[in-house]
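Notes follow once the structure below has been shown.
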Amino acid sequence: MQPIRIGLLGVGTVGGGTIELLKTNAADIGRRLGRELTISHVANRHTERAKSLLDEHTFISNDVNDVVNAKDVDIVVELIGGTTTAKDAVIQAIKNGKHIVTANKKLLAEHGNEIFALAAKQGVMVMFEAAIAGGIPIVKALREGLAANQIQSVAGIINGTSNFILSEMRIRHSAFDETLKEAQELGYAEADPTFDIEGQDAGHKLSLISSLAFGTPIHFDQCYLEGIKHLAQQDIQYAEELGYRIKLLGITRKTSAGIELRVHPTLIPQARLIAKVDGVMNAVSVQSNMVGQTLYYGAGAGAAPTASAVVADIIDVARLIDSNPHNRVPYLAFQPALLENTPILSMDNIISSYYLRVSARDEPGVLGEIANILASEHISIEALIQKGVVHHDTAEIVILTHSTREGTIKKAISCMENLSRVIAPITMIRMESLHAR
Ligand code: HSE
């Protein structure tokens, strides 16, 4: 049988890892697939790097068009990233009838609806396991392993850089900037690390997860994004004292009113397994109606783990290359014609519980005023502690609420901030119990 011919775009960290993996594990992959995989074409801005990793049998160019237009390429593996060259190359490759494997979450989150529609028309596969949580086979789990279930919610630590920073801030009391620099040096952060710390990277991944879970088009433009930059050391420590841990979570939940789609720092009980996921590791917890809660844990970034997902997709495409396109697993888990445009809920309409830190004058009656405001909005208090006098006559009051609509808590916060004895903006962090249902 003829080998499957791969055209590789981009030989950066993940591209290099993919070449390496295909060499190291060639024998095992061959035994699994029963067919040879060969990198026949490569495009990389610096051809010297590609030449140093490949032998003379591979055609190497600095122009992606030489790969996407080559007749003797079956699968185009896009590992360039971004939405300029990568988008044009993927679209041209699909038009040329090539199957696509990509690790590009931004491309699919922003242009996936268009790309999948074109791919369906051309009868080609577009695989993207490496785009979400690196080496964790979460796309496989959502599209295939859980296909018998109604998925109810997904919550994940899906940005390793933020998780690394939050873990270091908690364990070592490290400063934010210094920890981010370390994550960049270790090669975990995005080219533009604001994507990690401001939530876009997690938002890209969550938007894809949500579509896979609930069978909707991709709605990255409606995903709420709040990063970790504004988190204060004392909130991390207070959360710890109260039995919680702060994680940057991507949460998507199907409710009768619509779909919640949100990325933000979240207090979760320390007792949950996912709360123990530290450093750059990722974890995704899925709540489904038949199997209950399942949890997927592993490396969310790095050359070898991401290459593991890329090559698993290449193997899948190689196996299905001669199959009837109508019998393949749908791009977004559900048949394209049966995707439902379920509304995405505005943040005012999500339901959550909340951590509030209020800086107030340490005077008689202030607690009563705060409690009255919460009571008047029917917000029930789960816990309330006063953290003593911080400076001069100022005390910090930490309140954990029971579940309420976000619009309601915002109204209560605004009333509290209007109290003359509340002397600074109130810190609000959402909380999730994440218990198995
Ligand atoms: N910058 C990403 C992260 C890499 O930190 O998780 C994987 O998408």
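Indexing begins at 1, ligand by ligand and atom by atom, following the structure's order.
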- Message: Checking contacts here: is it the side chain or the backbone of Asn159 that comes within 4.0 Å of ligand 1, counting heavy atoms only? Could be both or neither.
- Response: both
- Message: If I take atom CE from residue Met169 and atom OG1 from residue Thr179, how far apart are they, to the nearest 0.5 angstrom?
- Response: 7.0 Å
- Heavy-atom distance under 4.5 Å between the side chains of Glu114 and Ile91, does that happen here? yes
- Give yes if a backbone or side-chain nitrogen or oxygen of Gly160 is under 3.5 Å from a nitrogen or oxygen of ligand 1, and no if not. yes
- Message: Going by side chain to side chain donor-acceptor pair (under 3.5 Å), Tyr238 matches just one of Arg357, Glu396, Lys387. Which one?
- Response: Glu396
- What are the atoms of ligand 1, with element, lying closer than 4.0 Å to any heavy atom of Glu190? 1 (N), 2 (C), 4 (C), 8 (O)
- Task: Using a strict 4.0 Å cut-off to heavy atoms of Lys205, name the atoms of ligand 1 that fall inside it.
- Result: 2 (C), 6 (O), 7 (C), 8 (O)
- Message: Can you name the atoms of ligand 1, numbered from 1 with element, that are less than 4.0 Å from a heavy atom of Ala301?
- Response: 4 (C), 7 (C)
- The closest protein heavy-atom partner of atom 8 (O) of ligand 1 is Lys105 NZ, 2.6 Å
- Message: As a quick check of understanding, evaluate side-chain contact (heavy atoms from CB on, under 4.5 Å) for Phe214 and Thr342, giving each step before the final call.
- Response: CA-CA 9 Å; Phe214 306 128; Thr342 316; 6.0 Å; no
- Query: Is there a heavy atom in Gly300 that sits closer than 4.0 Å to ligand 1?
  - Reply: yes
- Item | For atom 5 (O) of ligand 1, closest protein heavy-atom neighbour | Thr161 OG1, 2.7 Å
- Partner of Asp201 under side chain to side chain donor-acceptor pair (under 3.5 Å), picked from Thr194, Thr161, Asn159, is Asn159
- Item | Lys87 with Glu110: basic N within carboxylate O range, under 4.0 Å | no
- In plain terms, say whether Glu178 and Lys181 are close enough for a salt bridge, that is, a side-chain N and a carboxylate O under 4.0 Å apart. no
- Query: Taking non-hydrogen atoms only, is Asp201 closer than 4.0 angstrom to ligand 1 via side chain, backbone, both or neither?
  - Reply: side chain
- Contact (N/O only, under 3.5 Å) between Asp196 and ligand 1: yes
